Amino acid sequence: MTTDASDAVEIRNALLRLRRGTGLPIAFGGLMEAGQRMRISELSGTATHALRSLAVTSGTGLGGKAVALSRPCVVTDYSASRQISHEYDAPVGVEGLRSVLAVPVVVRYRVRGVLYGALRTALPLGGRMLDVAVEAARDLERALVVRDEARTLAAETAAGAGAGTGPGWEQVREAHTALRALAPRIADPELRAELLGACALLTAESAGPYRVRLAPREVDVLACVAAGATNAVAAERLGVTPETVKGYLRSAMRKLRARTRGEAVVAARRAGWLP
């Protein structure tokens, strides 16, 4: 498994959150490759490139220990610590790191990567710093779950469209709703555009330039309504408040000249916005 562009964006975002939240000047990390090896792919605040592309095997060094135990690990003085093995002392020494923490990124009970934070002085790292680092890892875990689900849905949709076969309309509509709900949570703009492109495969693009113009969030809300979601459920799926959902729904109904939610869904389908 290699780190692609969207992975890199999510890791960089997590490292920035870790640095801002902990005050640690240095952060780095990467995802697991084939087997039990993690490769450091992203650096933030480092003075050299000594750690870039470093392959860390499960059980070795601080990061490898975090992978093997599937829990955060901390050392106050990396080179002098008796709690870890020392296969990576040379690149760590070139960067001048002393106090280091390593937090595993765990998705569905499997370690997918490691985030590190570090100081160039030997000071204890723990308490709130560790809590913030763990939360940054949790954020990355959630982003990876969303990305994985989005790619799976997009691949299944594209495969069904290309083969001229696939699930029934209800399943197609469920997939469209899920894709629309996932899109706003994806930080990488290219992957988000790819996902919305998959949504477009499920709708009537032939409706042409004269159809009613709806805002993206209005379509998101209508997709949830079409799936039978209440305003509260739609708000939870889309990460907004129920009042915001109501506002988008009212606006969409006005544009579609619909008096009820049901009429709005029917009109949106006729206009090619929903499958």
Side-chain angles (χ1 to χ4, degrees), residues 6 9-10 13 107-108 138-161 166-275:
S6 59
V9 169
E10 298 297 354
N13 288 340
V107 177
R108 296 190 176 99
R138 298 297 89 84
D139 287 345
L140 179 55
E141 290 166 9
R142 288 188 283 269
L144 291 176
V145 168
V146 169
R147 188 209 65 177
D148 290 349
E149 291 178 351
R151 285 181 172 168
T152 298
L153 283 167
E156 290 175 351
T157 299
W169 270 112
E170 287 307 312
Q171 290 172 292
V172 169
R173 287 165 177 165
E174 287 176 8
H176 179 266
T177 301
L179 288 166
R180 296 281 327 184
L182 286 171
R185 290 182 275 167
I186 296 177
D188 179 43
E190 291 185 4
L191 180 57
R192 187 166 59 248
E194 180 182 337
L195 183 59
L196 291 174
C199 288
L201 292 174
L202 303 176
T203 58
E205 289 298 311
S206 60
Y210 301 108
R211 65 179 175 180
V212 174
R213 293 294 164 188
L214 297 179
R217 272 310 205 187
E218 292 169 350
V219 179
D220 294 341
V221 169
L222 286 171
C224 290
V225 171
T230 63
N231 289 346
V233 171
E236 184 176 354
R237 287 180 183 174
L238 300 175
V240 298
T241 67
E243 287 302 316
T244 300
V245 168
K246 289 180 184 177
Y248 283 127
L249 184 56
R250 281 195 298 266
S251 176
M253 289 172 65
R254 184 172 62 253
K255 292 178 181 179
L256 294 165
R257 298 181 181 179
R259 292 172 296 176
T260 67
R261 295 158 65 95
E263 286 183 5
V265 169
V266 171
R269 283 177 176 153
R270 286 175 178 167
W273 287 107
L274 297 178

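What you are looking at is a predicted structure, and each value in this text was computed from that prediction instead of being measured.
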Here the salt bridge (charged side-chain N to carboxylate O under 4.0 Å, His left out) pairs for residues 221-243, sequence neighbours left out, are Glu243-Lys246
Taken in chain and number order and not counting sequence neighbours, the residues that satisfy side-chain hydrogen bond (donor to acceptor under 3.5 Å, both in side chains) with Arg259 are Glu263
With sequence neighbours left out, the residues meeting side-chain hydrogen bond (donor to acceptor under 3.5 Å, both in side chains) with Arg138 are Glu141
Across all chains, not counting sequence neighbours, the side-chain contact (heavy atoms from CB on, under 4.5 Å) partners of Ala268 are Leu222, Leu256, Trp273, Leu274
Sorted by chain and residue number, the side-chain contact (heavy atoms from CB on, under 4.5 Å) partners of Asp139 (sequence neighbours excluded) come out as Arg17, Glu135, Arg142
Residue pairs meeting side chain to side chain donor-acceptor pair (under 3.5 Å), one or both in residues 215-232, sequence neighbours left out, come to Arg180-Asp220, Arg217-Asp220, Glu218-Ser251, Glu218-Lys255, Asn231-Arg261
Residues Pro242 and Ala232: closest non-hydrogen pair is CG-CA, 4.4 Å
